[in-house]
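Please read these numbers as outputs of a predicted model, since none were measured by experiment.
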Amino acid sequence: MLRLKIVEQSPAWIAVDKPPGFHAHPPEDKGIRLSRRWNALAVLEKQLGETLFPAHRLDRAASGILLYSRRRECNRALQEQFSIGSVNKIYYLLVRGEFRGEDRIDRPLRNEAGSEQAAATSVSACFSFSLPIPHPAGGDRVFTLLVAQPLTGRFHQIRRHLAGLGFPLIGDSRHGDRKLNREFASLTGCSQLFLRCMELEFDCPLEGKRVHAKGKWSGGWHKIFDLAGACPLTTSPFPGPQTLS
């Protein structure tokens, strides 16, 4: 039976590690059919034998910590925290190009109705490295591992903000560089979207205490760290691009 990895849990909620490709819950449009095989909510409910409620969303292509509630009243409290921005979310992502230092991206994003919504994302560089993929201007392609904290919760916010600055996420088929994605996958064997929610910090709706749920790296990310010769846990911010031998 397919099972999701449980990161942390309590009588009020459960945090799991969602692999890429899984929907957090069924689409709101009832006309869209979704196999239970790719429905993280259905998989987890079968795994635990209980009814759960999705507290927030995580892009289907992204991976990382996903939070569900075990009680309807707890879910309302958790969703309110996400709504007012009191939940801290830490993402790691891999982008095309050499990104230095830190930045706060304040750029409105349009919703599905075409209206602009305020959107803000804080980003900082961990390290950069090069891979033997030709750059149009000559030399090898440089990539940067970033840490991002979305300060608002807009659709595809991190992906759209970074792509707008000229640093598209690797593996992003919607907002990214599709040709480079194919070259990257061919060289590394990794075709996933490199966007992962590694940490969630929120208040437990029953106990009131602050909870810090933290995930672990998955296989595709370890392969990238091996290729880069660096790890975000041991490398100081931005040591400069590295070249594979």
For [X] and [Y], which heavy atoms make the closest approach, and how far apart are they?
X: I65; Y: A15; answer: CG2-CB, 4.0 Å
X: A213; Y: E8; answer: CA-OE1, 3.7 Å
X: C126; Y: Y92; answer: SG-CE2, 4.0 Å
X: L4; Y: Q47; answer: N-OE1, 2.6 Å
X: P54; Y: Q79; answer: O-NE2, 3.3 Å
X: L58; Y: G64; answer: CD2-O, 3.8 Å

At what distance, to the nearest 0.5 angstrom, does [atom1] of [X] lie from [atom2] of [Y]?
X: S124; Y: L146; atom1: OG; atom2: CG; answer: 7.5 Å
X: L44; Y: I6; atom1: CG; atom2: CD1; answer: 6.5 Å
X: F155; Y: R57; atom1: CZ; atom2: CZ; answer: 9.0 Å
X: L200; Y: I90; atom1: CG; atom2: CD1; answer: 9.0 Å
X: L145; Y: L94; atom1: CG; atom2: CG; answer: 6.5 Å
X: C204; Y: K209; atom1: SG; atom2: NZ; answer: 7.0 Å

- prompt: Could you walk me through whether T121 and R104 pass the side-chain contact (heavy atoms from CB on, under 4.5 Å) check?
  reply: CA-CA 6 Å; T121 307; R104 174 182 165 121; over 6 Å; no

State, yes or no, whether a side-chain contact exists between [X] and [Y] at a heavy-atom distance under 4.5 Å.
X: F194; Y: F184; result: yes
X: P136; Y: R141; result: yes
X: W217; Y: R196; result: yes
X: L180; Y: I133; result: yes
X: V7; Y: V16; result: no
X: Y91; Y: L195; result: yes
X: S63; Y: P19; result: no
X: L48; Y: R70; result: yes

message: Taking side chain to side chain donor-acceptor pair (under 3.5 Å) as the criterion, tell me which of H156, R159, R160, R178 meets it with D172.
response: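 Going through H156, R159, R160, R178 one by one, the side chain to side chain donor-acceptor pair (under 3.5 Å) with D172 is satisfied by R159 alone.
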
task: For N88 and Q149, run side-chain contact (heavy atoms from CB on, under 4.5 Å): C-alpha distance rounded to whole Å, both residues' side-chain angles, the deciding distance at 0.1 Å, then the answer.
output: CA-CA 7 Å; N88 291 328; Q149 183 176 6; 3.5 Å; yes

task: Just say parallel, tilted or perpendicular for the rings of H56 and F82, cut-offs at 30° and 60°.
output: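 Ring orientation, 0 to 90° scale: parallel.
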
query: Once the angle between the rings of F225 and H222 is folded into 0 to 90°, is it parallel (under 30°), tilted (30 to 60°) or perpendicular (over 60°)?
result: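 Plane angle over 60°, so perpendicular.
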
task: Please say whether more than 12 non-hydrogen atoms of neighbouring residues, nucleotides or ligands are located less than 6.0 Å from CZ in R72.
output: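 Atom CZ in R72 is not packed in, count stays at 12 or less.
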
task: Tell me, yes or no, whether the heavy-atom count around E102 atom CD, taken from other residues, nucleotides or ligands under 6.0 Å, exceeds 12.
output: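 No - once you tally the heavy atoms of other residues, nucleotides and ligands closer than 6.0 Å, there are 12 at most.
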
query: Going by atom types alone, do Q157 and T152 pair a side-chain donor with an acceptor below 3.5 Å?
result: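 T152 and Q157 do have a side-chain donor-acceptor pair below 3.5 Å.
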
task: May I ask you to check whether S69 and N75 show a side-chain donor-acceptor distance below 3.5 Å?
output: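 There is such a pair between these side chains.
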
message: side-chain contact (heavy atoms from CB on, under 4.5 Å), that's the test. Do V95 and F143 meet it? Break it down for me.
response: CA-CA 6 Å; V95 301; F143 304 86; over 6 Å; no

- request: Mark yes or no for whether K89, through its side chain, and E201, through its backbone, hold a donor-acceptor pair below 3.5 Å.
  value: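 Here the side-chain-to-backbone pair does not exist.
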
- request: Could you tell me whether a side-chain N or O of H161 sits under 3.5 Å from a main-chain N or O of A120, the two making a donor and an acceptor?
  value: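 Checking the backbone N and O of A120 against the side chain of H161, no donor-acceptor pair under 3.5 Å is found.
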
Name of the residue among L162, L165, T144 meeting side chain to side chain contact (heavy atoms under 4.5 Å, CB included) with V123: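 Between V123 and the candidates, side chain to side chain contact (heavy atoms under 4.5 Å, CB included) is satisfied uniquely by L162.
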
message: Just to verify, which of Y68, F22, F53 counts as forming a side chain to side chain contact (heavy atoms under 4.5 Å, CB included) with L41?
response: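 With L41 as partner, Y68, F22, F53 yield a single side chain to side chain contact (heavy atoms under 4.5 Å, CB included), made by Y68.
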
message: Please determine whether salt bridge (charged side-chain N to carboxylate O under 4.0 Å, His left out) holds for the pair K179 and E183, giving the CA-CA distance in whole Å, both sets of side-chain angles, and the decisive distance to 0.1 Å.
response: CA-CA 6 Å; K179 180 177 183 296; E183 295 173 331; 2.7 Å; yes

- prompt: Run the side-chain contact (heavy atoms from CB on, under 4.5 Å) check on W221 and D226 step by step: do they pass?
  reply: CA-CA 9 Å; W221 290 89; D226 288 343; over 6 Å; no

